Participant: 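One structure coming up, written as structure tokens, with questions to follow.
Letters A, B, ... are given to chains in the order of the sequence lines, protein chains preceding strands, and every chain is numbered from 1. Not measured: the values here are computed from a predicted model.
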Amino acid sequence: MSEDLTMQITLDGVAMSVPAMATGFEVFTDRAIVAQRVNGELRDLAHRLASGDEVEGVLISSPDGLNILRHSTAHVLAQAVQSINPEAKLGIGPPITDGFYYDFDVAEAFTPEDLKAISKAMDRIIRSGQRFVRRVTTEADASVELSNEPYKLELIGLKGSDLGEGSVEVGAGELSIYDNVDPQDSSTVWRDLCRGPHLPNTRMIGNGFALTRVAAAYWRGSEKNKQLQRIYGTAWPSKDELRAYQTRIEEAAKRDHRRLGAELDLFSFPEEIGSGLAVFHPKGGAIRKVMEDYSRAEHERAGYEFVYSPHITKSSLFETSGHLAWYAEGMFPPLQLDEERDESGVVRKQGQDYYLKPMNCPFHNLIFKSQARSYRDLPLRLFEFGTVYRYEKSGVLHGLTRARGFTQDDAHLYVTPENMESELTDVLDFVLGLLRDYGLTDFYLELSTRDASNAKFVGDDEIWQTATETLERVAVASGLQLVPDPGGAAFYGPKISVQARDAIGRTWQMSTIQLDFNLPIRFDLEYTAADGTKQRPVMIHRALFGSIERFFGVLTEHYAGHFPPWLAPVQVVGIPVSDEFSPYLHDLAKQLRAKGVRIQVDDSDDRMQKKIRNHTLQKVPFQLIAGGEDRDASAVSFRYRDGTQDNGVPLNEAIERILTAIETKVQV
RNA sequence: GCCGACCUGGCGCAAUUGGCAGCGCACCGCACUUGUAAUGCGGGGGUUAGGGGUUCAAGUCCCCUGGUCGGCUCCA
């Protein structure tokens with residue numbers, strides 16, 4: 001065996017000898033391997049290996065493999081679009097979670113019919129088995145070749161600048177173009193500026209893809225740029241996996257709080273009131289009341305004092321706080337009171353602007369300032385369910401999770417620098433404990449810090465550093481995963497936010513704990529220290545739910561409407577086998593109601609089966625069925641939401657079981 | 001805010017090329033009195049989101065406003 005004909009590589013950690021000049025095609029026999037990782041870099045299978053390379057196969061089902069599949073599918077989409085409309089100009093087309101998109105500059109927006117035609121054209125391209133062939137080019141050559149693609153030219157011009165690591169078109173290294181080569185006559189039928197890698201062949205995309213929707217998106221993500229038409233798609237290694245994904249999406253849609261809100265009669269957004277403004281119906285109100293009552297009780301135990309403040313205020317308050325200077329466009333326009341003059345033109349009453357409050361903190365600051373404060377008063381913890389109004393752009397509204405009017409479970413803690421750390425520790429502990437009580441148990445923390453090079457942040461370096469270090473210590477001490485968010489701090493101070501994962505793994509930003517060095521200055525807050533000097537308190541803003549509405553929406557989706565008994569609007573429903581047994585259940589209901597249980601007896605004309613169906617659909621935790629057998633035994637039969645039953649449970653035991661479930665906040 | 005799609009009894013949907021607004025559930029009434037996911041019969045309910053226009057004729061075509069949905073941008 002000649003030295004020239006073989007070379008040594010390391011394949012999946014094992015040294016081996018392969019033919020000199022071998023590519024991934026020779027090294028990997030498994031057809032599920034669609035690319036290779038060579039010395040840490042993702043490469044096409046066609047990439048020629050060199051002696052000493054460390055090589056790993058990339059399975060199509062691996063995260064990298066799925067990205068490659070999706071990115072290749074995006075190329076096929078773009079080719080299909082241009083085959084139908086040669087005038088379409090290409091934007092970018094990266095893989096994203098579960099799929100891909102491609103942006104196009106076209107004269108007319110795509111219609112659902114277009115999507116069908118494009119999808120068919122993609123099928124043809126996929127079946128024709130085009131090869132993806134990488135070709136290295138230069139900026140000059142690429143500029144000529146892509147002279148018809150203005151957006152690609154712009155990307156070439158930006159190469160190496162601010163595109164960042166995420167770009168799939170151009171990277172820091174060499175510039176490359178991928179040709180789609182027809183296997184019949186080896187002609188290049190399409191090309192795209194791209195870093196790659198790609199599947200060897202379009203055929204590998206198979207039938208596990210689908211185009212999902214069309215939307216507009218600003219070129220390079222800036223509102224100032226032109227809007228392009230974006231086509232979204234999803235792609236999977238097989239049709240079965242595609243179907244599984246589609247089923248997952250449907251299941252997620254079923255727990256959409258907007259849908260459940262209507263189905264379970266929890267809340268609505270009447271058009272007559274206005275966009276983003278909800279009303280809670282009795283059942284939604286019952287849940288919300290429990291949430292609020294429990295929250296109040298816990299805050300009371302934790303040493304918070306309850307305050308109330310009005311919904312509107314004169315503009316001067318928000319001038320002091322700075323909101324009008326910075327966030328006026330996020331606020332509803334003012335109620336303008338005209339000035340009044342008497343006959344001689346003398347101002348009798350000055351004109352005045354009143355604003356709906358977008359935040360509660362300025363009001364709480366005024367409460368702090370209402371008297372001279374001593375260090376002995378601190379920490380002062382002011383809590384309010386404060387309803388605020390923010391003029392969210394119409395396009396961002398989303399049910400209860402993004403509304404224009406909502407109620408924050410807001411508190412402001414005024415602390416001395418000395419007790420900042422212990423107070424933060426207590427707050428984080430309190431927040432996490434309360435979230436757990438509501439059934440969210442899987443958290444991580446995000447620490448948002450200052451970008452020192454950005455001048456927007458107020459306060460001196462020393463206090464920022466102390467505060468950031470304190471927050472970090474507190475976060476680390478919690479034992480939770482801590483994700484840094486550099487530059488994500490508010491201009492007035494760093495913050496910790498609690499991210500919670502719900503039942504289907506989505507993460508929601510829940511509570512935030514923010515330090516504020518700015519408002520105490522703007523409001524000239526001070527307290528008298530032990531040595532008699534005036535000192536500036538540190539202010540901590542914190543909300544657990546963020547907003548009650550939003551938390552309500554998150555919980556609805558987390559539980560998919562199957563609220564645990566303590567939160568369920570109707571906790572128990574009594575279903576008599578026939579009318580004869582209604583009084584028996586009403587008697588039981590009376591006892592439970594006396595214990596504060598939300599129970600109804602369904603003595604409607606419907607037959608039992610129908611009632612069971614109705615209350616199951618309404619997701620009532622406990623259905624108590626009673627007929628002759630139960631009454632004779634002084635018992636009742638349980639039916640749970642999942643259809644399981646427990647018949648002949650003695651009455652006192654039944655009562656105990658229900659009360660315990662409510663008391664312990666368990667799910668059933 | 002931008003782009004696109006959409007808005008028909010409380011809810012989910014139907015209505016040919018512009019040609020009598022309909023169905024299911026829910027609701028009301030009557031009968032039935034039933035053991036674990038829809039009993040039967042009968043009845044009421046819509047100015048087709050609101051306004052304007054084209055037309056002999058508009059749910060359907062055009063314009064404006066409001067609202068919803070999907071994205072983009074934004075989210076103190």
Side-chain angles (χ1 to χ4, degrees), chain A residues 101 103 106 108-112 114-115 212-232 253 256 258-259 262-263 265 268-277 318 321-331 358-359 361 388 390-399 401-404 456 489-493 495 509 512 514 516 518-519 541 546-547 550 575-582 603-618 623-631 637-648:
Chain A
Y101 66 78
D103 289 345
V106 284
E108 304 272 315
F110 295 108
T111 65
D114 292 337
L115 237 49
T212 48
R213 56 179 165 261
V214 188
Y218 296 103
W219 169 239
R220 297 187 58 219
S222 169
E223 210 174 358
K224 295 186 179 69
N225 290 338
K226 181 167 184 177
Q227 277 199 334
L228 306 181
Q229 290 295 312
R230 174 172 295 179
I231 296 179
Y232 283 93
D256 188 316
R258 295 168 299 179
R259 174 172 169 165
E263 284 175 5
D265 194 19
S268 61
F269 287 89
E271 195 181 321
E272 293 87 336
I273 297 176
S275 200
L277 299 166
F318 291 126
S321 69
H323 288 106
L324 271 174
W326 303 315
Y327 303 114
E329 72 178 40
M331 294 167 65
M359 300 194 123
C361 22
V388 297
R390 301 182 184 180
Y391 193 72
E392 302 285 2
K393 291 179 181 178
S394 59
V396 307
L397 299 169
H398 184 93
T401 58
R402 195 83 185 268
R404 282 183 172 165
K456 77 166 183 176
F491 68 91
Y492 49 74
K495 67 175 176 189
Q509 179 177 315
T512 57
Q514 309 190 357
D516 188 344
N518 182 247
L519 282 183
H541 304 246
S547 93
R550 181 180 144 83
I575 300 176
V577 167
S578 72
D579 279 355
E580 186 191 343
F581 308 102
S582 269
D603 45 19
S604 68
D605 265 359
D606 290 326
R607 41 195 61 201
M608 183 191 66
Q609 287 88 335
K610 180 66 173 293
K611 293 178 184 178
I612 289 171
R613 176 182 157 79
N614 286 155
H615 301 295
T616 304
L617 291 174
Q618 283 297 302
Q623 296 183 39
L624 299 185
I625 296 165
E629 292 166 28
D630 296 291
R631 188 174 59 183
S637 295
F638 277 74
R639 185 187 161 104
Y640 293 93
R641 288 182 285 213
D642 64 358
T644 58
Q645 305 159 34
D646 194 358
N647 293 342

Participant: In whole Å, measure the gap between the P atoms of B/rU39 and B/rU34 for me.
Facilitator: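 Their P atoms lie roughly 15 Å apart.
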Participant: Please report the shortest heavy-atom distance between A/Ser275 and A/Leu397, naming the atom on each side.
Facilitator: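 Scanning both residues completely, I find the closest heavy atoms to be OG-CD1, 3.0 Å.
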Participant: Taking only the P atom of each, what is the distance from B/rG59 to B/rG51 in whole angstrom?
Facilitator: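 About 13 Å, rounded to a whole number of Å.
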Participant: Which comes earlier along RNA chain B counting from the 5' end, the contact point of A/Lys495 or that of A/Glu271, where each point is its nearest nucleotide?
Facilitator: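 Looking at RNA chain B, the more 5' nearest nucleotide goes with A/Glu271.
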Participant: By the 4.0 Å heavy-atom rule, please label A/Gln645 as base, sugar-phosphate, or nothing.
Facilitator: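 Counting heavy atoms under 4.0 Å across all strands, the contact made by A/Gln645 includes a base.
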Participant: Looking at every strand, decide which applies to A/Ser275 at a 4.0 Å heavy-atom threshold: base, sugar-phosphate, or nothing.
Facilitator: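 Sugar-phosphate, backbone atoms only, no base.
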Participant: Tell me whether the guanidinium CZ or amine NZ of A/Arg404 lies under 6.0 angstrom from the six-membered ring centre of A/Tyr391 and within 45° of its axis.
Facilitator: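 Checked: cation-pi criterion met.
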Participant: Please report the closest heavy-atom contact between A/Gln229 and A/Ala216, naming both atoms and the distance.
Facilitator: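 Nearest pair, atom of A/Gln229 first, then A/Ala216: NE2-CB, 4.3 Å.
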Participant: Using chain A heavy atoms and a threshold of under 4.0 Å, write down where along RNA chain B the contacts begin and end, 5' to 3'.
Facilitator: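 Both ends considered, the range comes out as B/rG1 to B/rA76.
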Participant: Looking at side-chain heavy atoms only, is the closest gap between A/Ile575 and A/Leu624 below 4.5 Å?
Facilitator: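 They are not in side-chain contact.
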Participant: Rounding to the closest angstrom, what is the interatomic distance between B/rC6 and B/rG43 at atom P?
Facilitator: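 That atom pair is separated by 36 Å.
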Participant: Report which part of the nucleic acid A/Gln229 touches: base, sugar-phosphate, or nothing (heavy-atom distance under 4.0 Å, all strands).
Facilitator: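 The answer is sugar-phosphate, as A/Gln229 gets under 4.0 Å only of primed atoms, P, OP1 or OP2.
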Participant: Report which part of the nucleic acid A/Arg213 touches: base, sugar-phosphate, or nothing (heavy-atom distance under 4.0 Å, all strands).
Facilitator: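 Since only primed, P, OP1 and OP2 atoms lie under 4.0 Å of A/Arg213, the category is sugar-phosphate.
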Participant: Where do A/His615 and A/Arg639 land on the side-chain contact (heavy atoms from CB on, under 4.5 Å) test, with the steps shown first?
Facilitator: CA-CA 10 Å; A/His615 301 295; A/Arg639 185 187 161 104; over 6 Å; no
Participant: Using a 4.0 Å heavy-atom cut-off across all strands, classify A/Ala216 as base, sugar-phosphate, or nothing.
Facilitator: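 Contact class for A/Ala216: base.
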Participant: For nucleotides B/rG40 and B/rU33, find the distance between their P atoms and express it as a whole number of Å.
Facilitator: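 After rounding to an integer number of Å, I get 16 Å for this pair.
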Participant: Work out which heavy atom in A/Ile625 is nearest to a heavy atom in A/Asp630; give both atom names and the distance.
Facilitator: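 Taking A/Ile625 first and A/Asp630 second, the nearest heavy atoms are O-OD2, 3.5 Å.
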Participant: Can A/Ser637 and A/Gln645 be counted as having a side-chain donor-acceptor contact under 3.5 angstrom?
Facilitator: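 Judged by distance alone, the side chains do not pair up.
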Participant: Is the shortest side-chain heavy-atom distance between A/Pro576 and A/Lys611 below 4.5 Å?
Facilitator: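 They are in contact (side-chain heavy atoms under 4.5 Å apart), so the answer is yes.
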Participant: With side-chain contact (heavy atoms from CB on, under 4.5 Å) as the criterion, how do A/Lys224 and A/Trp219 come out once you've worked through the C-alpha distance, each side chain's angles and the decisive distance to 0.1 Å?
Facilitator: CA-CA 9 Å; A/Lys224 295 186 179 69; A/Trp219 169 239; over 6 Å; no
Participant: Could A/Arg230 and A/Asp103 be called an ion pair, given the rule that one side-chain N must be under 4.0 Å from one carboxylate O?
Facilitator: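 Yes, this pair counts.
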Participant: Taking only the P atom of each, what is the distance from B/rU60 to B/rA21 in whole angstrom?
Facilitator: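 Here B/rU60 and B/rA21 have their P atoms 13 Å from each other.
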Participant: With sugar-phosphate meaning primed atoms plus P, OP1 and OP2, does A/Ser222 contact a base, only sugar-phosphate, or nothing at under 4.0 Å between heavy atoms?
Facilitator: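 Touches nothing.
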Participant: What is the nucleic acid contact for A/Arg230, judged by heavy atoms within less than 4.0 Å: base, sugar-phosphate only, or nothing?
Facilitator: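 Sugar-phosphate, backbone atoms only, no base.
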Participant: How far, in whole Å, is B/rU55 from B/rC62 if one measures between their P atoms?
Facilitator: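 Their P atoms lie roughly 16 Å apart.
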Participant: Select base, sugar-phosphate, or nothing to describe what A/Tyr232 touches, counting heavy atoms under 4.0 Å on all strands.
Facilitator: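 It contacts sugar-phosphate atoms only.
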Participant: When we call it a touch if two heavy atoms are under 4.0 Å apart, what does A/Leu617 touch: a base, just sugar-phosphate, or nothing?
Facilitator: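 Contact class for A/Leu617: base.
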Participant: Using atom P in both nucleotides, what's the gap between B/rA38 and B/rG45 to the nearest angstrom?
Facilitator: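 About 31 Å, rounded to a whole number of Å.
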Participant: For A/Arg258, answer base if it contacts any base atom (sugar-phosphate contacts may also be present), sugar-phosphate if it contacts only those atoms, and nothing otherwise; contact means non-hydrogen atoms under 4.0 Å.
Facilitator: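 Sugar-phosphate contact only - A/Arg258 comes under 4.0 Å of backbone atoms but never of a base.
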Participant: Please give the distance between the C1' atoms of B/rC7 and B/rA14 as a whole number of Å.
Facilitator: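 It works out to 15 Å between them.
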Participant: Where does RNA chain B form stems of at least three consecutive Watson-Crick or G-U wobble pairs, each pair having both distances below 3.5 Å?
Facilitator: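 Looking at RNA chain B, the stems formed by three or more consecutive pairs are B:1-7 with B:66-72, B:10-13 with B:22-25, B:27-31 with B:39-43, B:49-53 with B:61-65.
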Participant: If you pin A/Arg639 and A/Phe110 to their nearest nucleotides in RNA chain B, which one's is more 5'?
Facilitator: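 It is A/Phe110, whose closest nucleotide lies nearer the 5' terminus.
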Participant: Base, sugar-phosphate alone, or nothing: which one does A/Gly221 contact when heavy atoms must sit under 4.0 Å apart?
Facilitator: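 Counting heavy atoms under 4.0 Å across all strands, the contact made by A/Gly221 is with sugar-phosphate only.
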Participant: Checking A/Thr616 side chain against A/Ile612 main chain: does a donor-acceptor pair fall under 3.5 Å?
Facilitator: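 Checked: pair present.
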Participant: Using a heavy-atom cut-off of under 4.0 Å over every strand shown, decide if A/Asp605 touches base, sugar-phosphate, or nothing.
Facilitator: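 Since a base atom lies under 4.0 Å of A/Asp605, the category is base.
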Participant: Looking for any heavy atom pair under 4.0 Å, which part of the strands does A/Asp630 touch: base, sugar-phosphate only, or nothing?
Facilitator: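 Contact class for A/Asp630: base.
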